[in-house]
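Counting starts at 1 for both ligands and their atoms, following the listed order. The figures that follow rest on heavy atoms only: side chains count, while hydrogens, waters and symmetry mates do not.
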Amino acid sequence: MCRLPATAAVSETTAMEVLQTDAWVEALELKAAHPDAVPIAGGTDLMVELNFDRIRPLVMLDLTRIAELTEWGPENGRLRVGAGVPYARLIAELGDRLPGLAIASRTVGSPQIRNRGTVGGNLGTSSPAGDALPPLFASDAEVELASLAGTRRIGVGQFVTGPKRNCLADDELIAAFRIAPAEGPQQFAKIGTRNAMVIAVCSLALSTWPERQAVTACIGSAGPTPIRCGEAEQFIAGVLGEHDLWRTRAPIPESALETFGELVEHAARPIDDVRGTARYRHHALGVLARRTLTWTWEAYRCA
Ligand SMILES: Cc1cc2nc3c(=O)[nH]c(=O)nc-3n(C[C@H](O)[C@H](O)[C@H](O)COP(=O)(O)OP(=O)(O)OC[C@H]3O[C@@H](n4cnc5c(N)ncnc54)[C@H](O)[C@@H]3O)c2cc1C
């Protein structure tokens, strides 16, 4: 372990200690010994907070040298992806197995941000606008939290408890997330005020699961947390089952697309803010729902 003097610009009265290690167990020991230490991965959220003087931690814990956090692999039929795998690698290495998350990752920031930023950091921030979160919610991903006391796994829907709030304990670090590989086509669509480098006005992740004949959907940036669209999911499962569409691969009736869109729209709990009005977000989510369901269903029909 090495302790560095403060490297960031700090006021004369505030010194900042940066703890570094390349050993995962030592990182957990450091977190236990310094519960106030703020972990830093890619720094693409944290450095903004520091630069704007919104936070001024006395201790930071640098996780960038820990190899275990940057590994991924299969585990009991699922994928275990280290919290420190950056978006660029996720897109390049896991795009075929996690297409929804890869599409969402492509919309994050710029190439520089995607090279540094991690899903672990997106989870750590727990912003309702975090683009990695809706695909994780739509796949019922689990977050793996570690401390010296051991490891616990928690559904991502329980992990995120509110806007920029989560249930990470002071002595815990995010080790990884576990997620089912795609069974069928997946999509993610995001509305912003421009095409790139933009925080979502609202977004929608949608996944198809042909084996269990289900469609799952999760709204981003239109509520205090990402929101699963349970009613819409049940409705479309009923339509696809009733008309035997999983087997025949016939088109989804237009009226069902409309109702699905309305149910997604109603599931949202947006507010008016600088990025858009609640009314616009409701409307846009209906459009995104019809669009992403049409895209995924067309891909399923052609597969
Ligand atoms: C120019 C710019 C554009 C951006 N565009 C987007 C965008 O389009 N979409 C989007 O979703 N985000 C965007 N972001 C935000 C940011 O890039 C993402 O949230 C990213 O996923 C953060 O990852 P990171 O590794 O950089 O996290 P960091 O900044 O290192 O950390 C973020 C938070 O997570 C905590 N943390 C990190 N790793 C761990 C861990 N292993 N255990 C416990 N806590 C941890 C940190 O303590 C901190 O609270 C943008 C940021 C910038 C600067």
Contact with ligand 1 for Q112, non-hydrogen, under 4.0 angstrom: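 Contact absent.
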Salt bridge (Lys or Arg N to Asp or Glu O under 4.0 Å): pairs with one or both residues in residues 184-208, sequence neighbours excluded: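 Applying salt bridge (Lys or Arg N to Asp or Glu O under 4.0 Å) to every pair that reaches into residues 184-208, excluding sequence neighbours, yields D131-K190.
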Sub-3.5 Å N/O-N/O distance, P39 and ligand 1: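 Yes.
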Closest non-hydrogen protein atom to [atom], residue and atom name please, with distance?
atom: atom 10 (C) of ligand 1; value: D131 OD2, 3.7 Å
atom: atom 35 (C) of ligand 1; value: G124 CA, 3.9 Å
atom: atom 14 (N) of ligand 1; value: D45 OD1, 4.4 Å
atom: atom 21 (O) of ligand 1; value: Y87 OH, 2.6 Å
atom: atom 12 (N) of ligand 1; value: N122 ND2, 4.0 Å
atom: atom 13 (C) of ligand 1; value: V108 CG1, 4.0 Å
atom: atom 31 (O) of ligand 1; value: G121 CA, 4.1 Å

Heavy-atom donor-acceptor pair, R114 side chain to V108 backbone, under 3.5 Å: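 Answer holds: yes.
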So how far is it from [X] [atom1] to [Y] [atom2], rounded to the nearest 0.5 Å?
X: D45; Y: T125; atom1: CG; atom2: OG1; answer: 3.5 Å
X: T44; Y: M47; atom1: OG1; atom2: CE; answer: 11.0 Å
X: L30; Y: Q20; atom1: CG; atom2: CD; answer: 10.5 Å
X: L206; Y: I103; atom1: CG; atom2: CD1; answer: 10.5 Å

Looking only at heavy atoms, is any part of [X] under 4.0 Å from ligand 1, and if so is it the side chain, the backbone, or both, or is it neither?
X: E172; value: neither
X: L63; value: side chain
X: M60; value: neither
X: I199; value: neither

Using a strict cut-off of 4.0 Å, indicate which atoms of ligand 1 neighbour a heavy atom of [X].
X: G130; value: 11 (O)
X: T44; value: 16 (C), 17 (O), 18 (C), 20 (C), 22 (C), 23 (O), 24 (P), 26 (O), 29 (O), 51 (C), 52 (C), 53 (C)
X: G109; value: 3 (C), 4 (C), 5 (N), 6 (C), 7 (C), 8 (O)
X: L46; value: 29 (O), 48 (C)
X: T107; value: 8 (O)
X: M197; value: 1 (C)
X: V198; value: 8 (O)
X: I40; value: 30 (O)

Report yes or no: do [X] and [Y] belong to one cluster of Ile/Leu/Val/Met/Phe/Trp/Tyr joined by side chain heavy-atom distances under 4.5 Å?
X: F188; Y: Y87; value: no
X: V119; Y: I40; value: no
X: V239; Y: V264; value: yes

Pair W246 + W209: ring centers closer than 6.0 Å: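 No: the rings miss the under 6.0 Å criterion.
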Salt bridge (Lys or Arg N to Asp or Glu O under 4.0 Å) against D273, all qualifying residues, sequence neighbours excluded: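 With sequence neighbours excluded, D273 shows a salt bridge (Lys or Arg N to Asp or Glu O under 4.0 Å) to R281, given in chain and number order.
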Name the option, out of [options], that contains the heavy atom nearest to [atom].
atom: atom 2 (C) of ligand 1; options: I174, V143, I113, V38; answer: I113
atom: atom 33 (C) of ligand 1; options: T125, T118, V119, L123; answer: T125
atom: atom 38 (N) of ligand 1; options: A41, A37, G43; answer: A41
atom: atom 24 (P) of ligand 1; options: A83, G42, A175, G192; answer: G42

Side-chain touch R249/L245, heavy atoms, less than 4.5 angstrom: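 A side-chain contact under 4.5 Å is absent here.
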Heavy-atom closest pair, residues L133 and S127: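 Distance-wise, the nearest heavy atoms are CD1-O, 3.4 Å.
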Donor-acceptor pair between T292 and Q187 side chains, under 3.5 angstrom: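 There is no such pair between these side chains.
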